[in-house]
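Worth knowing before you read on, the calculation uses all heavy atoms, side chains too, and leaves out hydrogens, waters and symmetry mates. In what follows, chains carry the letters A, B, and so on, assigned in the order in which the sequence lines appear, proteins first and then strands, with residues in each chain numbered from 1. Predicted model, so just to flag it, every value in this text is computed and none were measured.
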Number of protein chains: 2
Amino acid sequence: MNPPIIYQSLYDTLLELVVYLIFLRYFLVFLHSCGELRSDHVGEKVTLCGWVQYLRQELFVILRDFSGMTQVVIPQKESAWHLKSTLCDLTVESVIKVTGTVRCRPEGQENKLMPTGEIEILAESVEVYNLCQKLPFEIKDFVKKSEALRMQYRYLDLRSSQMQRNLRLRSQVVMKMREFLCNMHGFVDIETPTLFKRTPGGAKEFVVPSREPGRFYCLPQSPQQFKQLLMVAGIDRYFQIARCYRDEGSKPDRQPEFTQVDIEMSFVEQTGIMSLVEGLLQHSWPAELGPIHLPFNTMTFEEAMRDYGVDKPDTRFAMKLIDLSDIFMSTDVPFLRSALSQPGGYVQAICVPSGLRRRKFEDIQDFMSLRQRTLLGHLRLQSAELLECCGVSVRDPSVFHFLWVVDFPLFLTSEHEPENLESAHHPFTAPLPEDTHLLYTEPQKVRGQHYDLVLNGCEVGGGSIRIHKASEQRYVLKNILKEDPTLLTHLLEALDSGAPPHGGIALGECLQMFL
Amino acid sequence: MNPPIIYQSLYDTLLELVVYLIFLRYFLVFLHSCGELRSDHVGEKVTLCGWVQYLRQELFVILRDFSGMTQVVIPQKESAWHLKSTLCDLTVESVIKVTGTVRCRPEGQENKLMPTGEIEILAESVEVYNLCQKLPFEIKDFVKKSEALRMQYRYLDLRSSQMQRNLRLRSQVVMKMREFLCNMHGFVDIETPTLFKRTPGGAKEFVVPSREPGRFYCLPQSPQQFKQLLMVAGIDRYFQIARCYRDEGSKPDRQPEFTQVDIEMSFVEQTGIMSLVEGLLQHSWPAELGPIHLPFNTMTFEEAMRDYGVDKPDTRFAMKLIDLSDIFMSTDVPFLRSALSQPGGYVQAICVPSGLRRRKFEDIQDFMSLRQRTLLGHLRLQSAELLECCGVSVRDPSVFHFLWVVDFPLFLTSEHEPENLESAHHPFTAPLPEDTHLLYTEPQKVRGQHYDLVLNGCEVGGGSIRIHKASEQRYVLKNILKEDPTLLTHLLEALDSGAPPHGGIALGECLQMFL
């Protein structure tokens, strides 16, 4: 008896579905990654592509890709001799495609430490894409390689799980930054040229000869001038993940090219940029590192130097600099009396917690004979390091102390020509409004609208509100810095053609060290 | 009488709300963009920042920013004389901040063509950020400027509504591409170095002298080698919005630096890359340009040359090349007979619709005396252009004909040394599997796994499946191209250390012309 018509249709549909499921089960093979199979997949026919991580006693091949590893079982039955010999002839780091059926590992052979450790794949066919011929080092996380070897064979180094994580995390964090800036806050991502003309004072620029003899481009150290021109161009919110270049010769910790998150806004004040950056970092900070708390603390340059002896204090621990000049005012100790008798002389101390071993303490005593405040800041950090060597916990590596340092001096005495002033950061930084009048009387006392972002004692970003009046910019260049303003005519002209007030920031590559 | 307690709480809340609304209404001033105010905002106190677009008879200031324009009314009453004189003293393109109240324009004075044309702002206070001193040209869309002037004052040119749209649209399209690749398809955004070593055959590379005498970097023409090494490094899906450099001297239509969407995948075949790119373009295509339809058409190189006389056919119109050799086989016309008597000689025609004026037709006749097939392709395009000049509609500028061209020859006869072969695209392209055996016998007949993406007759992208076996790559370099394989030792070594099958594509900047 046939079912009623209304059921017939449902029946047909169900039948189709069953046929489709049987088809899926027996004929379709899914491409999976090496890290994703679990006991839920048992019975499925799957295909994995990857690199041979281990070969074990002609029984197993451990296959690896970016997502993890899976155990592949080499069939031992007579009829599979060809497949067996192909798998047994593989070398470590060869690239293959394996098709097989997922099954549970025999009881007692599960590997709890491996996410795929409950299952294995019984190989049914294999395609060898490439046999690895020879390797300068093994791609095992526990095998330590020299830095030089890692650099020479970077493509092998990047196969390690740590480097895979780093590259993928960086990509994700940058993507989140873009979403925050572009989608949530209306910033425009603009690529600025890297073949540019020489920046006055830009001694560390790479040059690129042009086809015209005697003429060359320069690779800029930052898009600073371009982004200011974009503000003049009416792009109210600009950002760029910008490639920058700096020719400082080869030092192990310096890259000739690096990247910064480059931001500029119009009609904004210092606090506006600061809260934007706080939101940006909160949004893009990897969840696995724990949340970061807003707002960040703020400290003036003067406070940072007074309390920590450095303009980028690590505020994860105290051991602040304490001024003892008053206490020692009537001392008889000769070197202290001598220090205090000098103009501007002082006696300061830091209180180091107990725990330093005697020998270590002697190292520090040597160091103490030096007197300047930044050296006390250095001593503070060195003490922390020595304490940690002795097993005393000082700096918690799992916390993130973000700190804004503000109110920097706008100009510093030139190291080479002490009678001249030079920009503490760059010549485009605007003075604090309440200090602007000092530009024309006591420029050395002017504080700038500059802000540095410090994380656990590292400078991870820096920016400023810029001068937007051509007359002020010309005065700073010509009268204070004694530079030839005609080299920046294009910028001065631009400021005179309707420049909005603007400011920005650059977040540096060193932020990545914390991820 | 007091209300019952339960109402008391509600009453308090409502009272708070009313106080808050009054506060909002009278004391808070919102910062708006110049394009967003409508009659809904009437009565609100607002602040606008922007550029002075027009000054009208001491009555109005038209203020502009990226989002549009708003009419600001200059108050005429005696007590506001100071505000009035400040506003009347403004120059065009000065930058100001205006606070005032939104009101309806008087009846009959609405501007229907202006999105904010129903309202105006009665100014109550103004801050002048910067008076514009002088301008080389007016920032009005209807004022035509020379290309040279636009380039010299790029920051003024970018203030035009067209350039603002271009920059913002580009930013949005690229963002959508990133979302598609990074968030939806697991691609990793990786920055590759731009200070690299010389590529063999890379004649058009800029050089960057290093500090070591006689040694220099090169700026790469594309990240081709880096992305292949990343595949060897186990990054299964890479992309980068990559800066590339090409030193071809200064031509008006060539930029020394440009950007491409650079993509590479492992364990993928040609169709995989092609459907990925189709999805990418569909996802990121601006809605305002209308949808694009998938899949794109595909044509072989041979078909493209046969039917259109070019490897990047504009398929928006027919006028295909038609072979008439059979018909003219027994002709007496001398130049046709002469053509057909040559080895490989043929007679082809295109059918040009009526509409060409006589003089134009004569231009074409001149051109006809040339014989090669690519010249017929050129003639086809020229005919289309001439027809359009005569008012005949041939190519619809509002439609987008995407087309894949595939099965290119892998090698071409060298122009300078006709006995040698050179790569049609680059030496890393893999042969079609069915042609691989010809590498060793008749390499000139090998077709490559190369694919070009063509849009309305422009090549907007190109890519290939790469050679992943070192032995094959070495054979191509040494035996077919007669190049020194030691210059690419790093790549050959990498292929031998476990390279997966891989391929990719680069989408070029010219795609932007269509946005």
Side-chain angles (χ1 to χ4, degrees), chain A residues 49 51 65-66 93-95 97 129-130 132-135 153-156 158-159 164 167-168 171-172 174-175 178 182-183 188-191 193-195 206-209 211 219 229-230 232-236 243 245 247 249 256-257 259 266-267 468-470 494-501, chain B residues 49 51 65-66 93-95 97 129-130 132-135 153-156 158-159 164 167-168 171-172 174-175 178 182-183 188-191 193-195 206-209 211 219 229-230 232-236 243 245 247 249 256-257 259 266-267 468-470 494-501:
Chain A
C49 293
W51 284 256
D65 68 11
F66 70 95
E93 294 301 318
S94 291
V95 186
K97 176 165 85 174
Y129 288 125
N130 238 333
C132 179
Q133 304 297 331
K134 61 164 189 164
L135 284 177
Y153 297 98
R154 189 65 163 162
Y155 50 90
L156 297 180
L158 294 182
R159 286 188 197 161
Q164 288 278 330
L167 284 174
R168 287 164 198 273
S171 170
Q172 285 157 17
V174 171
M175 189 64 199
R178 291 179 180 282
C182 216
N183 297 349
V188 189
D189 179 6
I190 297 180
E191 294 184 59
T194 54
L195 294 173
F206 283 103
V207 297
V208 183
R211 296 196 163 209
L219 300 176
L229 291 172
L230 283 170
V232 180
I235 302 294
D236 55 320
R243 193 70 61 96
Y245 300 86
D247 183 12
E257 54 180 317
T259 298
S266 290
F267 308 113
H468 68 275
K469 286 195 189 291
L495 293 183
D496 252 348
S497 66
Chain B
C49 293
W51 283 258
D65 68 12
F66 70 96
E93 294 301 318
S94 292
V95 185
K97 176 165 86 175
Y129 289 126
N130 238 333
C132 179
Q133 303 298 329
K134 63 166 185 162
L135 285 176
Y153 297 97
R154 189 67 163 158
Y155 49 89
L156 297 179
L158 293 183
R159 285 187 198 162
Q164 287 279 329
L167 284 174
R168 287 165 200 273
S171 170
Q172 285 157 17
V174 171
M175 188 66 199
R178 292 179 179 283
C182 216
N183 298 349
V188 189
D189 179 7
I190 298 181
E191 295 184 58
T194 54
L195 294 173
F206 283 105
V207 297
V208 183
R211 297 197 161 206
L219 301 177
L229 291 172
L230 283 170
V232 180
I235 302 295
D236 56 318
R243 192 70 61 94
Y245 299 87
D247 182 14
E257 54 181 318
T259 298
S266 290
F267 308 113
H468 68 275
K469 286 194 190 293
L495 294 183
D496 252 348
S497 66

Open item on the list: Quick check against the 3.5 Å criterion: does R211(A) have a side-chain atom that pairs as donor or acceptor with the backbone of D247(B)?
Closed with: yes

Task: For P209(B) against F206(A), the heavy-atom pair lying closest together - done: O-CD2, 4.1 Å

TODO: Heavy-atom distances under 4.5 Å only: say whether L156(B) touches chain A with side chain, backbone, both or neither.
DONE: side chain

TODO: Decide side chain to side chain contact (heavy atoms under 4.5 Å, CB included) for L195(A) and Y245(B); before the verdict, give the C-alpha distance in whole Å, the side-chain angles of both, and the deciding distance to 0.1 Å.
DONE: CA-CA 9 Å; L195(A) 294 173; Y245(B) 299 87; 4.1 Å; yes

TODO: Go through L158(B), T259(B), D236(B) and name the one with the most non-hydrogen pairs under 4.5 angstrom from chain A.
DONE: D236(B)

TODO: Pick whichever of V174(B), V208(B), D496(B) has the most heavy-atom pairs under 4.5 Å with chain A.
DONE: D496(B)

TODO: Would you mind checking which part of F267(B) comes under 4.5 Å of any heavy atom in chain A, side chain (CB onward), backbone (N, CA, C, O), both or neither?
DONE: side chain

Open item on the list: With chain B as the partner, which of L230(A), L219(A), I190(A), N183(A) has the greatest number of non-hydrogen pairs under 4.5 Å?
Closed with: N183(A)

- [ ] Pick one of side chain, backbone, both or neither for T194(B), based on which atoms fall under 4.5 Å of a heavy atom in chain A.
- [x] both

TODO: Evaluate the criterion side chain to side chain contact (heavy atoms under 4.5 Å, CB included) for residue pair Q164(A) and I235(B); output intermediate values, then yes/no.
DONE: CA-CA 8 Å; Q164(A) 288 278 330; I235(B) 302 295; 3.7 Å; yes

Task: R159(A) side chain to V232(B) backbone, donor-acceptor under 3.5 Å - done: yes

TODO: Sort C49(B) into side chain, backbone, both or neither according to what part of it lies under 4.5 angstrom from a heavy atom of chain A.
DONE: both

- [ ] Compare every heavy atom of V95(B) with every heavy atom of P500(A), then report the nearest pair and how far apart it is.
- [x] CA-CG1, 3.8 Å

Task: Contact class of L135(B) relative to chain A, heavy atoms under 4.5 angstrom - done: side chain

Open item on the list: Please classify the contact between D65(B) and chain A as side chain, backbone, both or neither, with a heavy-atom cut-off of under 4.5 Å.
Closed with: neither

TODO: Could you look at L167(A) and say if it's the side chain, the backbone, both or neither that has a heavy atom under 4.5 Å from chain B?
DONE: both

TODO: Can you measure from CZ (R243(B)) to CD (E191(A)) and round to the nearest 0.5 angstrom?
DONE: 4.5 Å

Task: G498(A) backbone acceptor or donor facing W51(B) side chain under 3.5 Å - done: yes

Task: chain B contact via L229(A) - which portion, at a heavy-atom distance below 4.5 Å - done: both

TODO: Give the member of N130(A), D189(A), L495(A) that has the highest number of heavy-atom pairs under 4.5 Å with chain B.
DONE: N130(A)

TODO: Between chain A and each of S94(B), S171(B), S266(B), count heavy-atom pairs under 4.5 Å; write down the option with the most.
DONE: S171(B)

Open item on the list: Please give me the minimum heavy-atom distance between G234(B) and R168(A), naming the atom from each residue.
Closed with: O-NH2, 3.6 Å

Open item on the list: For chain A, which candidate among H468(B), K97(B), E93(B) shows the most heavy-atom pairs at distances under 4.5 Å?
Closed with: H468(B)

